[in-house]
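Okay, structure first, notes after.
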Amino acid sequence: MYNPSRIIKSEPVILGLESSCDETAAALIRGRTLLSSRIISSADEHKKFGGVVPEIASRAHTEAVGEVVELALKDAGLSLEDIDAVAVTYGAGLLGALLVGLSFAKSLAYTLNVPLIAVNHIRGHLAAAYLADNSLKPPFVTLLASGGHTAILHTKNYTEFEVVGSTCDDAAGEAFDKVARVLGLEYPGGVNVERLAKVGANTVNLPKCLVKNTQQMQFSYSGLKTAVINYCHNAEQKGEAVNKADVARSFQHAAVDPLVKKTVESALKLGVGTVTAGGGVIANGYLRETLARECNAAGLKLVLPEKKYCTDNAAMIAAEGLTQYLHGNFASLDINARAQIPLR
Ligand code: KG4
Ligand code: ZN
């Protein structure tokens, strides 16, 4: 009978597991200290299809999950018996992919008789900042931008946040990926748009991603994406050459500048002195530089996770697992994976 030890340690060793998309990841933390973080990615297998193929992702997770845990344990110099709790992403994401990590985590927790912690992937992205700065404490304002979400959040304490503003249609990462496709760039798109933007100029007139005159702060990426598509099609029809690097650079400005501006404004308005960020789009170098410059100019402290902890990883899942552990928030073995979980 599964009856895990509920002894709460202040500095538990937590194994984090992540398998919501195309990265199979495992990480170990002791308290807020990161001991190891490993990722086995199936991104190359999806390249020729121009996006993640769910079935291929699930099969790749099945092949990689055991190995990635072993590698993380080896890097940390630990064995299975040292693990005090297993934290795993249970949503949102691709169902078949999530089920591989979740089932593996359940088996491990059951066998080791330690608590299972079910982590919301988005809360994981938020928690990455705790590993970047051991002394970070709420309140803080977070710019969250990934393939599925774009929002400015006000974290009030370790378990509660409020949505200050969010996208009303596509996520920023989704727009980066779609623009990459329009420009003929390979999957994964975001990082390739950034690469191309480096050699371009901000000369193409595109709409900014901010919706004006709404009561709540709203972003929109669908119109911006369509404007890029129309610009390219119009040029093609007129037989004019498109300077793809200029389009990439102009899009990057239109997609990033309002996010940064509104994040800084929100922190100042709320009287919160610290800004954090999380999600794959936060790996964008231009966004990082702009956010750092604007926070500095406004006298705000910025806690920015390293790029590798912005894109999907298991260290952030372990970090959120620690918060849940310290609140005694454990999952039972009948918990199921969820394709979608609302932001709040
Ligand atoms: O957080 P993440 O790894 O997965 C989700 O939870 O969605 O975010 C993936 C998204 C993708 O849309 C990807 O294109 C975008 O983050 N991304 C980037 C960069 N690296 C990843 N977008 C812009 N610039 C980057 N360097
Ligand atoms: Zn993610």
Side-chain angles (χ1 to χ4, degrees), residues 16-25 27 37 39 41-43 46-47 50-52 54 57 88-94 97-98 101 119-129 142-151 167 169-183 185-198 200 209 221 224-225 228 248-257 259-260 276-291 304-320 338-341 343:
L17 277 171
E18 154 67 32
S19 70
S20 65
C21 193
D22 58 349
E23 326 276 12
T24 321
S37 177
I39 296 174
S41 176
S42 60
H46 304 286
K47 242 179 205 160
V52 178
V88 60
T89 307
Y90 77 104
L94 303 169
L98 288 164
V119 172
N120 175 343
H121 183 83
I122 289 305
R123 285 194 178 255
H125 277 305
L126 278 173
T142 304
L143 173 55
L144 171 76
S146 69
H149 290 91
T150 300
T167 178
D169 42 53
D170 296 350
E174 211 177 335
F176 265 93
D177 294 337
K178 284 181 181 160
V179 166
R181 215 175 281 180
V182 174
L183 297 179
L185 304 174
E186 258 192 346
Y187 170 86
V191 71
N192 288 325
V193 170
E194 180 186 356
R195 244 173 240 147
L196 188 59
K198 285 200 177 111
C209 67
Y221 282 92
L224 173 56
K225 169 200 71 189
V228 171
R249 177 74 167 245
S250 307
F251 163 76
Q252 192 169 258
H253 274 274
V256 165
D257 293 351
L259 284 183
V260 170
T276 75
V281 180
I282 309 298
N284 182 283
Y286 170 71
L287 186 154
R288 297 172 75 85
E289 282 159 26
T290 314
L291 188 59
L304 202 52
E306 275 179 58
K307 289 184 184 185
K308 62 182 172 193
Y309 302 122
C310 290
T311 46
D312 289 349
N313 67 90
M316 67 183 199
I317 303 303
E320 174 58 16
R338 287 175 61 181
Q340 289 188 335
I341 307 177
L343 199 49

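What you see below is based on every heavy atom in this structure, not just the backbone, and it leaves out hydrogens, waters and symmetry mates. All ligand and atom numbering here is 1-based and tracks the order in the structure.
The aromatic rings of Phe176 and Phe251 sit perpendicular to each other, their planes meeting at more than 60°, with 30° as the lower class boundary.
By heavy-atom distance, the residue among Asn313, Val281, Asn192 lying nearest atom 15 (C) of ligand 1 is Val281. For atom 21 (C) of ligand 1, the nearest non-hydrogen atom from the set Ala255, Cys21, Ala172, Gly280 comes from Gly280.
Not a single donor-acceptor pair under 3.5 Å links the side chain of Thr89 to the backbone N or O of Glu18. A donor-acceptor pair is defined here as one N or O able to donate and one able to accept, closer than 3.5 Å; such a pair exists between the side chain of Glu194 and the backbone of Gly285. Judged purely by atom type and a 3.5 angstrom limit, His121 has no side-chain atom pairing as donor or acceptor with the backbone of Tyr90.
Counting protein heavy atoms only, atom 22 (N) of ligand 1 is closest to Gly190 CA, 3.6 Å. With respect to atom 10 (C) of ligand 1, the closest heavy atom belonging to the protein is Gly147 N, 3.5 Å. Annotation: atom 24 (N) of ligand 1 to nearest protein heavy atom, Asn284 ND2, 3.1 Å. When hydrogens are left out, the protein atom nearest atom 26 (N) of ligand 1 is Glu194 OE1, 2.7 Å; that is the closest non-hydrogen contact. Of the protein's non-hydrogen atoms, Asp312 OD1, 3.3 Å is the one closest to atom 2 (P) of ligand 1. Scanning all protein heavy atoms for the shortest distance to atom 12 (O) of ligand 1 gives Asp177 OD2, 2.7 Å. When hydrogens are left out, the protein atom nearest atom 6 (O) of ligand 1 is His121 NE2, 3.1 Å; that is the closest non-hydrogen contact.
The name of the N, O or S atom in Asp312 nearest to the Zn ion (ligand 2) is OD1. Taking the N/O/S atoms of His121 in turn, the shortest distance to the Zn ion (ligand 2) belongs to NE2.
Looking at Ile317 and Leu17, their side chains never come closer than 4.5 Å, going by heavy atoms from C-beta outward.
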### Task
For the pair Tyr221 and Glu174, evaluate side-chain contact (heavy atoms from CB on, under 4.5 Å) and give the outcome as yes or no after the intermediate values.
CA-CA 8 Å; Tyr221 282 92; Glu174 211 177 335; over 6 Å; no
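The shortest N or O to N or O distance between Gly173 and ligand 1 is below 3.5 Å.
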